[in-house]
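Shown next, in structure tokens, is the structure this report addresses.
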Amino acid sequence: MDYLEAASATCADLAHDSAGEATRAALDLALMPWQHSSGDGGWEVAALELLDADDLLWFLPAEHIVCEQPDLADPRTPVAAGWLTRTLAEHLDALAGDGHREVAHRRACAAAAERVRRAAARLP
Amino acid sequence: MTYGLLLDRARQLLGEAAAEAAATCDPAVLANWPILRSYVYRQLRRHIELLTADPFDRPHVALALVDALQTAAGPVHAVSSSARARSALGAGGDMLGVAADVYVGHITAGRAQTPEGAAILAARGGADPALFDIAEMTLDLIAVDRALCEDRPAGQHALVQSVHAAAVAAARPATTGPLAGLARDLVAIHGAAGPSIVRLLDTPPLVSPDSAPASVTSADAAAHLHAVRTWLWRNPHQLRADHLRLGARLGLALATTQPYQPLTQAWSNAAAATRRVSGAAPIDEARTVAETIRSLGRWTIASLEEQDQTDMAELVDQLPVLAGSLSAALPTAVNTCDILVSTPVLRRPTGSPIALAVDVWRPANLNGQEIADLREALDRAARIRVPGRPESPPTPARSAFRNPSGPGEEAVAPARPRAESDARTRRRHR
């Protein structure tokens, strides 16, 4: 599975993930272009926001999506990462609004949503 | 105030003391003079002993000067702080005392206490060019003694004549003995070496024990970063995964403020490598340090759109020391089993086309790939400097390390001696 397909499938998964199980896997996927960039693509500031969001979501299961490395020369890669990040921010907003969750976790989700939204604004 | 500024102020006060010594006929001042001059000579001797900590490695001239200063100081007398404060001579001695304390904060008994101290010890041979300053001040103090030995105007009260005669008797050996010749020799030896980086040393900062301080300006942030990286260097046994993770991210955030891709890449690699590292949360002061690093990282990101590169220069200058301190402390943390590393294990959820991997955590091994990758990334970050930046005033962090001659070449950052941690590692793997 290539990065674009993985991003698309993950966005679809997030829509049905009321338990938040796919959240950190999606974050990890959003960080993948940064991890394979060579420090000159402008991914770093967005990555710092996403890493902060990941710290806030320690109570959710940590998983990684297994897929091919993103092709950073492909103009569709930043588009897919941007779409994934915005979907993730909406998903975190939904988790923050879930009244069945602990208040501390809802607050953390709201703070993480803010970070992810800032990351989306700073993607290349 | 830096060591150099304190010495400059002390020299200025000795100049004022020379004028006072030549003219004063106040019996109270003259009565106190031998005690005060002895105090200043002892301070100068302390500086030479500090700057040449190893007596076996001490240059012959410095060795002889220590003895001559001791002779010139004469017997030790207690001198009150109020008496010192009232006189330029005593205040000059106090300035010298503070300067010696600043030095001791970085190098104590010949052992480095900070990265700057390590760089100074690594850079010099047996003696430091800072001896030049002390030798010159010795000559200044001899000039004060000579001024004191000048005759007072005729017709003075018998009391003035007797206390002046006693003060002259105490000062005379310094003006006629070998002291001036030895000091001039030392000036000649170290005069050509140029200014010493010891002059740039300032009191090592301490981390706040209670809470992470908030940064408002880049000067605040630079001061907090200085305190944090000094703490990391001094306390390798308290390093935790949080320090590594947050430190690498702070480095990356600061690197993004500079238009220099190798710096960004080095810190990006370090930040990526820390994603495979976890461990126990820091406690007490170590927790405050971690929170301070986190707060500095947030401040840097928030400042990205407001600050220009020059505002961040003092922070960026400290990145090699930060990386070096994290890298040097890593073996100690690994050996105390405080660091965990992850291995992803594949699992495919039923009904999903996506294959997932979960992290399985285990205690880190110093020879493991994860730690090797992290150390390599940090060591690389410790050797990078930003070329072509407009020159700004020297800072201890910038001056304490030898910079390369060409853009992009690797600078030499100080390393904490690893003998102890490496020995422990060998024992563990025997």
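Numbered from 1 within each chain, the chains take letters A, B, ... in sequence-line order. What you see is a predicted model, and the numbers here were worked out from it, not measured in a lab.
Put simply, the side chain of B:Thr264 does not reach to within 4.5 Å of the side chain of A:Trp43, judged on heavy atoms. Side chains of A:Val66 and B:Arg347 form no contact here, defined as non-hydrogen atoms less than 4.5 Å apart. Side-chain atoms of A:Asp28 and B:Arg275, non-hydrogen and from C-beta on, do get closer than 4.5 Å to each other. By the 4.5 Å heavy-atom criterion applied to side chains, A:His64 and B:Asp359 are counted as neighbours.
Residue contact with chain A, scored on non-hydrogen atoms closer than 4.5 Å, involves the side chain of B:Thr256 exclusively. Proximity to chain A is limited to the side chain of B:Leu246, based on heavy atoms less than 4.5 angstrom apart. Residue contact with chain B, scored on non-hydrogen atoms closer than 4.5 Å, involves the side chain of A:Gln35 exclusively. Only the side chain of A:Arg115 comes within contact range of chain B, judged by heavy atoms closer than 4.5 Å. For chain B, the nearby part of A:Asp54 is the side chain; its heavy atoms alone come within less than 4.5 Å. Contacts between B:Ala271 and chain A at a heavy-atom distance below 4.5 Å involve backbone atoms as well as side-chain atoms.
Across all their heavy atoms, B:Ser268 and A:Trp34 have their closest contact at OG-NE1, 2.7 Å. Shortest non-hydrogen contact noted between A:Ala25 and B:Leu356 is CB-CD2, 4.4 Å.
Between chain B and the options A:Thr10, A:Leu51, A:Val45, heavy-atom pairs under 4.5 Å are most frequent for A:Leu51.
Taking a 6.0 Å sphere around CZ of B:Arg362, one finds it holds more than 12 heavy atoms contributed by other residues, nucleotides or ligands.
A:Asp52 contributes atom CG, which lies 5.5 Å from atom CZ of B:Arg249 (distance to the nearest 0.5 angstrom).
Classification of A:Glu49 and B:Arg298 as a salt-bridged pair holds, one side-chain N sitting under 4.0 Å from a carboxylate O.
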